[in-house]
Participant: 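One structure follows; several queries about it will come next.
Residues: numbered from 1 along the sequence shown. Since we're looking at a predicted model, the values are computed, not measured.
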Amino acid sequence: MILRPPALETVSVEVPDHALEVYEAALASVCASVGFFRNDATGTWRVEGVRPTGTGEAELAAGLALAEAMTGVAAAPQRTPTEAGGWLARTQATFPEQRVGRRFAIRGTHLPGRQTPGLITLTLDAGVAFGSGEHGSTRGCLRALERIAHRRPRRILDLGTGSGILAIAAAGLLHRRVLATDIEPWSVRVAGENAAANGVARLVDCQLADGWLDPVVSGAAPFDLVLANILARPLAAMARHLAARLAPGGRAVLAGLLDEQARFVLAAHRRHGMALDFTLREGNWTTLVLRAPR
């Protein structure tokens, strides 16, 4: 059970495309849930996160200052008091059951009724799923997983697992063990709870680990399949480590990429011998599926 604070606030900024991922990371440093929404009229993004009122103010200020320095975009944060019940109600209202591809359905725990027969249903608390299940990058990962499932990968890593949705999907679809890692203890705990709630706790191993060099990750390599729904810059920076820890012929599903960032991330991995298998697009988001040489 996730505890909800009695007093919450929403912190939001408006930014252009190139500043989205940096400002998302800034808000994520202090907000348990972060979402972003495109304004089609202006072409900008509203990035918003929910946190206990006033929590981590110094960290937020530092993160926003760093984001401004990195992007050249000064985005003044707006703060809005948010009742815990009201926020959850709004989140639930925008999180109906969603079909993804041919095999998956994403469903909030607040929804009544039975699961849809014949689909792998990923059930998540609406407050945790906010900013993940309905997000184009997550949907792209699930569609990519569906397309490569016939390869029957045995050693699977979900790097930066967050809510655990991709690890749970891989375990449910492939019936294989999945190592799910994150640098945030909160995410590791929530991912474990979600895996148990979805009946795959014995297959999803949720571990606290800081990237590829952490012994938890390096000791389990090489991997036949890596799922990494993170951000463009960290993915590009880790390209060498990914290439070194994929099994021959292994696949990597990389997401969290705006369309214009995909070429940059692909080039970084090609420099280390990776080849493009295929791409998928969901709205403004691109998912890259890469393969290691045999």
Side-chain angles (χ1 to χ4, degrees), residues 8-51 53-54 56-57 59-83 86-96 98 100 106 126-143 160 162-163 229-236 254-267 279-288:
L8 301 176
E9 66 178 353
T10 297
V11 181
S12 63
V13 294
E14 295 277 346
V15 298
D17 279 349
H18 76 275
L20 171 60
E21 64 171 311
V22 180
Y23 273 93
E24 181 200 6
L27 265 63
S29 67
V30 296
C31 297
S33 293
V34 177
F36 31 93
F37 314 91
R38 189 175 181 86
N39 184 330
D40 292 328
T42 64
T44 59
W45 292 83
R46 176 182 174 84
V47 188
E48 62 178 45
V50 178
R51 66 172 182 171
T53 301
E57 192 62 31
E59 291 86 349
L60 176 62
L64 293 174
L66 179 60
E68 180 178 346
M70 292 177 64
T71 64
V73 174
Q78 303 295 316
R79 295 171 172 82
T80 306
T82 304
E83 292 185 8
W87 167 68
L88 183 58
R90 287 196 300 277
T91 302
Q92 290 176 345
T94 57
F95 190 52
Q98 302 161 70
V100 182
I106 305 172
V128 174
F130 182 66
S132 62
E134 83 287 358
H135 193 296
S137 63
T138 303
R139 295 175 65 88
C141 284
L142 293 173
R143 290 172 54 208
S163 67
N229 183 10
I230 311 178
L231 294 170
R233 286 184 177 84
L235 286 173
L254 307 184
L257 315 174
L258 291 167
D259 291 341
E260 60 268 22
Q261 297 170 331
R263 185 177 300 179
F264 158 68
V265 174
L266 176 58
T279 64
L280 292 171
R281 287 181 173 83
E282 284 275 350
N284 298 296
W285 301 90
T286 294
T287 299
L288 299 174

Participant: For G56 and V30, which heavy atoms make the closest approach, and how far apart are they?
Facilitator: O-CG1, 3.4 Å
Participant: Apply the test side-chain contact (heavy atoms from CB on, under 4.5 Å) to residues V50 and C31: give CA-CA distance (whole Å), side-chain angles for both, the deciding distance (0.1 Å), then the verdict.
Facilitator: CA-CA 5 Å; V50 178; C31 297; 5.8 Å; no
Participant: List the atom of S137, the atom of A255, and the distance in Å for their closest heavy-atom pair.
Facilitator: O-CB, 3.8 Å
Participant: Among residues at least two apart in sequence or on other chains, which ones pass side chain to side chain donor-acceptor pair (under 3.5 Å) with E68?
Facilitator: none
Participant: Could you list the residues that satisfy side-chain contact (heavy atoms from CB on, under 4.5 Å) with S12, not counting sequence neighbours?
Facilitator: R46, E48, Q78
Participant: Tell me, do V15 and T44 make a side-chain contact under 4.5 Å, heavy atoms counted?
Facilitator: no
Participant: With sequence neighbours left out, what residues match T286 under side chain to side chain donor-acceptor pair (under 3.5 Å)?
Facilitator: D259
Participant: Check salt bridge (charged side-chain N to carboxylate O under 4.0 Å, His left out) between R79 and all other residues, then give those that pass, not counting sequence neighbours.
Facilitator: E57
Participant: Before giving the answer on side-chain contact (heavy atoms from CB on, under 4.5 Å), spell out for T287 and L257 the whole-Å C-alpha distance, their side-chain angles and the decisive distance to 0.1 Å.
Facilitator: CA-CA 7 Å; T287 299; L257 315 174; over 6 Å; no
Participant: Starting from the C-alpha separation in whole Å, work towards a yes-or-no answer on side-chain contact (heavy atoms from CB on, under 4.5 Å) for L231 and L235.
Facilitator: CA-CA 6 Å; L231 294 170; L235 286 173; over 6 Å; no
Participant: For T279, give me all partners under side chain to side chain donor-acceptor pair (under 3.5 Å), at least two apart in sequence or on another chain.
Facilitator: none
Participant: Quick one: side-chain contact (heavy atoms from CB on, under 4.5 Å) partners of E260, sequence neighbours excluded?
Facilitator: D17, L258
Participant: Start with the C-alpha gap between L280 and W285, add the side-chain angles, then the distance that decides, and say whether side-chain contact (heavy atoms from CB on, under 4.5 Å) holds.
Facilitator: CA-CA 8 Å; L280 292 171; W285 301 90; over 6 Å; no
